[in-house]
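Note sheet for the following structure.
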Amino acid sequence: MFKKILIANRGEIALRVIRTCREMGIKTVAVYSTADKESLHVKFADEAVCIGKAPSSESYLSIPSIISAAEITNADAIHPGYGFLSENAEFSSVCEEYGIKFIGASADMINQMGDKASAKATMEKAGVPTIPGSKGLLKSVEEGKKIAKKIKYPVIIKATAGGGGRGMRIIKKEDEFEKAWNDARTESKAAFGNDGMYLEKYIEEPRHIEIQIVGDSKGKACHLSERDCSIQRRHQKLLEETPSPVVDKKLRDKMGKAAIAGAEAIGYEGAGTVEFLVDKHSDFYFMEMNTRIQVEHPITEEVTDYDLIKEQIKVAYGIPVSGINYYPNLFAMECRINAEDPSNDFRPSPGKITNLHIPGGHGVRVDSHVYAGYTIPPNYDSMIAKLIVSAQTREEVIVRMKRALQEFVIEGIKTTIPFHIKLMDDEKFKSGKFTTAFLESFDFSKI
Ligand code: MV4
C-alpha cells in the first residue's frame with residue numbers, strides 16, 4: 001500500500017482524507033497557505049508544508065509548489081480532494097511524470113469528460129440515454145435554429161467547456177435565438193477561452209440525480225446508487241439526499257447500469273459521478289460526468305457503509321473493485337453549512353467563530369475543520385461544515401436533521417443553519433415532490 005499521501009487541499013475534505021489514511025496506516029502530508037496556518041488539517045496531518053500565500057493561485061493551485069512539497073516529504077501519492085486541482089489534467093499528468101500517483105482521474109479522462117459535447121457523444125455511443133439535440137458542436141445560428149425547430153422549443157445552448165451552469169442560455173422561441181447565441185458565446189469565450197456550443201431540448205423542472213461509481217484499473221466498474229441534488233440555488237447545492245424520493249429499485253437499476261456502461265466504455269479508474277436529469281416521466285438523461293470525489297459523498301457512505309476515500313486509495317494502488325453494486329440500507333441527507341447570510345442573498349460571512357457546539361447523537365455525522373476560536377479566512381469557499389444525518393426512513397431523517405440543526409451552535413458569524421431549519425419544516429420539501437426549480441420560489445426573507 002502507499003506509505004505516504006500528500007493532500008493537495010484544505011478544509012473539511014483534507015481532514016476527511018487524513019482520517020481514512022490514519023485508519024489505513026498511511027502517513028499524511030498537509031499543504032497549507034499562509035492563511036491556513038491555524039487550520040485543523042495542518043494540525044492533524046503527520047507533516048505539513050507551507051506552499052504559499054493566501055490566494056489559491058499562489059498556493060492550492062500552484063502545481064510547482066505542491067509537487068515540490070511531495071518531493072521533499074517523499075510522498076508516493078497525492079489526493080486532490082474536490083475543487084482546486086482535482087480536475088486539472090495538467091496536474092494529473094505532472095504527477096504521473098514525477099512518479100507520484102494521482103488519486104483521481106488520468107489527464108486523458110479529465111480531458112475527455114471536461115469537454116461536455118464530446119463527453120455526451122461518448123456516453124451516447126456507450127448506450128447511455130442523452131437529451132435530443134445537436135450532434136456535437138453547433139456550426140452556426142442557422143443550424144441551431146433548424147435543429148430547434150425540429151425538436152421544438154424550449155431549447156438550451158450550453159458551452160462545451162462549461163459545466164455547473166456557466167455559459168448556458170435557455171431559448172423559448174426562435175426570435176430569441178441569435179441574441180442568446182451571441183451572449184452565451186461571448187460569456188464562454190471570456191470564462192473558458194472556448195466558445196464551442198451545443199444544443200439540447202430544454203427539460204423543464206427536472207430533478208438532478210447522480211450515480212456514484214467506482215472503476216478499477218482492470219476496466220471494471222460498480223455503482224453505489226444515487227444522490228438527489230435537486231435542492232440548489234444558482235447552481236450551488238445546499239442539501240443532498242439518498243435514496244431519491246423519485247427513484248425506485250427499477251429506476252436505480254437502470255440508472256446504475258447506464259452509469260456503469262458509461263464508465264466501463266471509457267475505462268474509468270477511480271471514484272466518479274455520472275450526473276443525470278430525470279424528467280416528470282422518470283426518463284433520465286446523461287448530463288455530465290465528474291471525475292473527482294464530491295462534496296456530498298458522505299451520504300452514500302452512510303447508507304451503504306462503504307468508505308469512498310478508502311476505495312479511491314485502493315483502486316489507485318491497483319486493487320480491483322468487488323464488482324458488487326451497493327444499494328441503500330438507510331436514508332441520509334447532508335446540509336451544507338456555509339459561512340453565509342441566507343437572509344441577505346447568501347452573502348459570505350467570514351470571521352472568527354467565537355463559540356461552537358457540534359451536534360451529536362445517533363445517526364449524526366459532522367465533517368468539518370472548524371473549532372471554537374477559528375477564524376474563517378475570506379479567501380476560499382464558504383462551506384465550513386457538512387451535517388450528515390441518517391435514519392431508517394426519510395421522515396425520521398428530517399426530524400433528526402432538524403434536531404441536529406437546532407443543537408448546532410456557531411457564534412460570531414452568519415451561517416446557513418437557519419435556512420436549513422426552515423427547509424426541514426417546508427411541506428413541499430417534506431413531501432419529496434420538488435424539482436431543481438424549488439428554491440427559486442422559496443421565501444428567504446424571514447429566515
Ligand atoms: C439542462 C436543464 C434542462 N434541460 N439541460 C444546469 C447545470 C448544468 N450541469 C446543466 N444544467 C441544466 N441543464 C437541459 N437539456 C436544466 C439544467 C439546470 C439544472 C440542472 C441541475 C440542477 C439544477 C439546475 C438548475 C437550473 C438548470
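Remember, it's 1-based here, ligands and their atoms both numbered in the order they're listed.
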* To do: Evaluate whether atom CG of D305 has more than 12 neighbouring non-hydrogen atoms of other residues, nucleotides or ligands under 6.0 angstrom away.
  => no

- For K430, look at atom NZ and say whether over 12 heavy atoms of other residues, nucleotides or ligands are found less than 6.0 Å away. yes

Could you check [atom] against the protein and tell me its nearest heavy-atom contact, residue, atom and distance included?
atom	answer
atom 4 (N) of ligand 1	I203 N, 2.9 Å
atom 5 (N) of ligand 1	K158 NZ, 2.9 Å
atom 2 (C) of ligand 1	L277 CD1, 3.6 Å
atom 9 (N) of ligand 1	E288 OE2, 2.8 Å
atom 27 (C) of ligand 1	H235 CE1, 3.9 Å
atom 16 (C) of ligand 1	Y202 CE1, 4.0 Å
atom 21 (C) of ligand 1	H208 ND1, 3.3 Å
atom 7 (C) of ligand 1	G165 N, 3.4 Å

Proximity flag M168 to ligand 1, non-hydrogen atoms under 4.0 Å | yes

Worksheet item: Any nitrogen or oxygen of E200, main chain or side chain, under 3.5 Å from a nitrogen or oxygen of ligand 1?
Response: yes

What class does the angle between the rings of F438 and F429 fall in, given that below 30° is parallel, 30 to 60° is tilted and above 60° is perpendicular? tilted

**Heavy-atom check, side chain of H362 versus side chain of R400, under 4.5 Å** = yes

Establish, from distance only, whether the side-chain atoms of [X] and [Y] form a donor-acceptor pair under 3.5 Å.
X	Y	answer
S140	E143	no
E340	S382	yes
Q212	T300	no

One finds that the ligand 1 atoms under 4.0 Å from a non-hydrogen atom of I156 are 1 (C), 5 (N), 14 (C), 15 (N)

Q232 heavy atoms within 4.0 Å reach ligand 1 at atoms 22 (C), 23 (C)

F91 ring center within less than 6.0 Å of F84 ring center = no

Practice task
Flag the pair E334 and R365 as a salt bridge only when some basic side-chain nitrogen lies within less than 4.0 angstrom of an acidic carboxylate oxygen.
Solution key: no

Short version for I131: what comes under 4.0 Å of ligand 1, heavy atoms counted, is side chain

Logged contact type for K201 with ligand 1, heavy-atom cut-off 4.0 Å, is backbone

